[in-house]
S.K.: 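My structure is below; once you've seen it, I'll send some questions.
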Protein chains: 2
Amino acid sequence: MYDVGEFLKTNGIKPSYQRIKIYEFLMNNKEHPTVENIYHALNGKIPTLSKTTVYNTLKIFIDKGIAMAITIDDNEVRFDAHMDLHGHFKCEHCHQIIDFNVNFEGALGDALEGFEVLEQQMFLYGICKTCREES
Amino acid sequence: MYDVGEFLKTNGIKPSYQRIKIYEFLMNNKEHPTVENIYHALNGKIPTLSKTTVYNTLKIFIDKGIAMAITIDDNEVRFDAHMDLHGHFKCEHCHQIIDFNVNFEGALGDALEGFEVLEQQMFLYGICKTCREES
DNA sequence: GTATCTGCAAAACATTTGCAATTCT
DNA sequence: AGAATTGCAAATGTTTTGCAGATAC
């Protein structure tokens with residue numbers, strides 16, 4: 001695996017131990033973890049870790065463009081270091097969040113002519129294939 | 001204007017004074033108000049109104065399918081009684097939320113084959129036409 | 001040695017819950 | 001009267017802030 005510390009430096013982020021571990025966690029856990037998820041997962045390895053640091057670090061990652069916030073739930077924010085343009089599907093049955101490909105140009109036509117679009121999110125909700133086949 | 005009380009009844013909602021006023025407010029203010037917005041706007045006419053009632057009422061509207069929650073901001077939920085399928089653009093400069101037409105089929109192709117899609121949201125962020133022309 | 005980063009504790013918000021008072025039929 | 005609705009006050013849960021101690025260059 002490549003050097004996360006170097007990657008953070010390249011993006012203008014000082015690579016502290018906590019920041020490296022949090023970024024590695026996001027890389028290895030693409031299930032769109034919450035702050036709570038990240039905190040609990042790393043608290044074993046870094047007993048002194050605080051949620052404040054997790055919040056601070058995620059804010060830095062987002063500001064520097066190496067992670068994004070996913071507000072597909074209305075009560076907690078999830079995070080994703082997978083920066084390719086893609087949509088998120090939330091299964092109301094198994095509560096998983098599944099990535100899918102989106103053609104944003106095909107969706108828009110000439111709506112938003114003259115607008116400058118900086119970020120694009122598509123959230124779908126329903127029942128995923130696996131849950132449908134089980135029932 | 002048509003009879004809001006009748007409309008609520010048709011959708012299985014008992015038309016109390018508060019519910020009628022809240023629904024009328026959503027109809028007349030399509031700028032995707034927050035609970036705070038609704039509460040403050042109506043508190044003048046209904047001095048005894050509580051935020052609890054606003055929350056309860058909006059939950060009923062959503063359950064009955066006559067309004068939807070818009071989680072385009074990650075710190076507060078907005079509400080929309082405009083139930084046609086459409087996307088939301090948030091201008092980072094003037095902070096307005098603007099509706100636009102979306103072709104969801106065109107965006108998906110054969111991604112999500114076998115999934116049951118019950119709700120669709122598209123959120124774009126950037127600078128709106130008006131703000132761009134001003135600068 | 002000076003900047004930055006971390007993390008505790010407290011504060012700030014949005015939202016939910018319990019329950020008693022009110023309203024409606 | 002009886003059932004539903006309202007609204008206050010308290011609780012909950014997430015995120016932010018202030019600040020003192022630790023760490024890094």
Side-chain angles (χ1 to χ4, degrees), chain A residues 3-6 8-9 11-25 32-64 66-80 95, chain B residues 4-6 8-9 11-25 32-64 66-80 95 97:
Chain A
D3 187 331
V4 171
E6 277 307 314
L8 294 181
K9 269 193 222 170
N11 286 280
I13 300 166
K14 287 198 184 171
S16 75
Y17 182 68
Q18 287 88 338
R19 290 171 180 176
I20 290 172
K21 289 300 169 193
I22 291 170
Y23 190 76
E24 282 179 355
F25 184 79
H32 316 90
T34 62
V35 165
E36 186 68 23
N37 296 153
I38 298 167
Y39 173 73
H40 265 110
L42 295 179
N43 205 21
K45 285 186 183 176
I46 319 172
T48 64
L49 183 68
S50 80
K51 278 191 192 172
T52 304
T53 298
V54 179
Y55 278 107
N56 287 341
T57 301
L58 291 168
K59 182 168 289 179
I60 292 169
F61 288 175
I62 290 168
D63 287 349
K64 299 296 185 180
I66 65 168
M68 64 168 115
I70 308 292
T71 58
I72 196 166
D73 297 299
D74 57 351
N75 50 342
E76 59 190 356
V77 183
R78 295 174 172 277
F79 296 90
D80 197 348
H95 304 115
Chain B
V4 170
E6 277 307 314
L8 294 181
K9 268 193 223 170
N11 286 278
I13 300 167
K14 286 199 185 171
S16 74
Y17 182 67
Q18 287 87 339
R19 290 172 181 174
I20 290 171
K21 289 300 170 194
I22 291 171
Y23 189 77
E24 282 179 355
F25 184 80
H32 317 89
T34 62
V35 165
E36 187 67 24
N37 296 152
I38 298 168
Y39 174 73
H40 265 110
L42 295 180
N43 205 21
K45 285 185 182 174
I46 319 173
T48 64
L49 183 67
S50 80
K51 278 191 194 173
T52 305
T53 298
V54 179
Y55 277 108
N56 287 341
T57 301
L58 291 168
K59 183 168 289 180
I60 292 170
F61 288 175
I62 289 168
D63 287 349
K64 299 296 185 179
I66 65 168
M68 65 167 115
I70 308 292
T71 57
I72 196 167
D73 297 299
D74 57 351
N75 50 342
E76 59 191 356
V77 183
R78 295 173 172 276
F79 296 90
D80 196 348
H95 305 116
I97 292 172

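Everything quoted here is computed from the prediction, not taken from an experiment.
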S.K.: Mark yes or no for whether R78(B), through its side chain, and H32(B), through its backbone, hold a donor-acceptor pair below 3.5 Å.
M.R.: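 Confirmed, R78(B) side chain pairs with H32(B) backbone.
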
S.K.: Determine, step by step, whether I66(B) and L8(B) satisfy the side-chain contact (heavy atoms from CB on, under 4.5 Å) criterion, reporting the C-alpha distance in whole Å, the side-chain angles of both residues, the deciding distance to 0.1 Å, and the verdict.
M.R.: CA-CA 9 Å; I66(B) 65 168; L8(B) 294 181; 3.6 Å; yes

S.K.: Test your reading of the model: is there a side-chain donor-acceptor pair from D3(A) to the backbone of G5(A), 3.5 Å cut-off?
M.R.: yes

S.K.: Please give, in whole Å, the distance from dT12(D) C1' to N75(A) CG?
M.R.: 12 Å

S.K.: Heavy-atom distance under 4.5 Å between the side chains of F61(A) and I22(A), does that happen here?
M.R.: yes

S.K.: Once you round it to whole Å, what is the distance between C1' of dT15(C) and CG of D73(B)?
M.R.: 16 Å

S.K.: What is the separation between atom OH on Y39(B) and atom P on dC13(C), rounded to the nearest whole Å?
M.R.: 16 Å

S.K.: Suppose we define a pair by two distances each less than 3.5 Å, Watson-Crick or G-U wobble; what does dA3(C) pair with here?
M.R.: none

S.K.: Can you sort out which residues in residues 41-64 of chain A have a heavy atom within less than 4.0 Å of DNA chain D? Ascending by number, please.
M.R.: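 Contacting residues: T52(A), Y55(A), K59(A).
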
S.K.: Return yes if a side-chain donor-acceptor contact under 3.5 Å exists between T34(A) and N37(A), otherwise no.
M.R.: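 N37(A) and T34(A) do have a side-chain donor-acceptor pair below 3.5 Å.
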
S.K.: Between T71(B) and D74(A), is there a donor-acceptor pair closer than 3.5 Å when you use the side chain of the first and the backbone of the second?
M.R.: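 No; zero donor-acceptor contacts below 3.5 Å.
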
S.K.: Roughly how many Å is it from CD1 in I38(A) to P in dT14(D), rounded to a whole number?
M.R.: 14 Å

S.K.: Does T53(A) reach the main-chain N or O of L49(A) with its side chain, forming a donor-acceptor pair under 3.5 Å?
M.R.: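 Not a single qualifying donor-acceptor pair exists.
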
S.K.: Pairs in or reaching into residues 12-22 of chain B: which pass salt bridge (charged side-chain N to carboxylate O under 4.0 Å, His left out), with residues at least two apart or in two chains?
M.R.: K21(B)-E24(B)

S.K.: Give me syn or anti for dA3(C), where syn covers glycosidic angles within 90 degrees of 0.
M.R.: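 dA3(C): syn.
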
S.K.: Write down the partner of dA4(D) under the Watson-Crick or G-U wobble criteria, each distance required to be under 3.5 Å.
M.R.: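 Base partner found: dT22(C).
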
S.K.: Rounded to whole angstroms, how far apart are CG on N37(B) and P on dA14(C)?
M.R.: 11 Å

S.K.: Rounded off to whole Å, could you give me the CD-to-P distance for the E36(A) and dT12(D) pair?
M.R.: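 The distance from CD of E36(A) to P of dT12(D) comes to 16 Å, rounded to the nearest Å.
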
S.K.: Show the numbers, then the answer: is there a side-chain contact (heavy atoms from CB on, under 4.5 Å) between L58(B) and V77(B)?
M.R.: CA-CA 11 Å; L58(B) 291 168; V77(B) 183; over 6 Å; no

S.K.: Within residues 11-21 of chain B, find the residues that approach DNA chain D with a heavy atom at under 4.0 Å, and present them sorted by residue number.
M.R.: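 K14(B), S16(B), Q18(B), R19(B) - these, ordered by number, are the residues of the stretch whose heavy atoms sit under 4.0 Å from the strand.
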
S.K.: To the nearest angstrom, how far is D74(A) atom CG from dG13(D) atom C1'?
M.R.: 13 Å

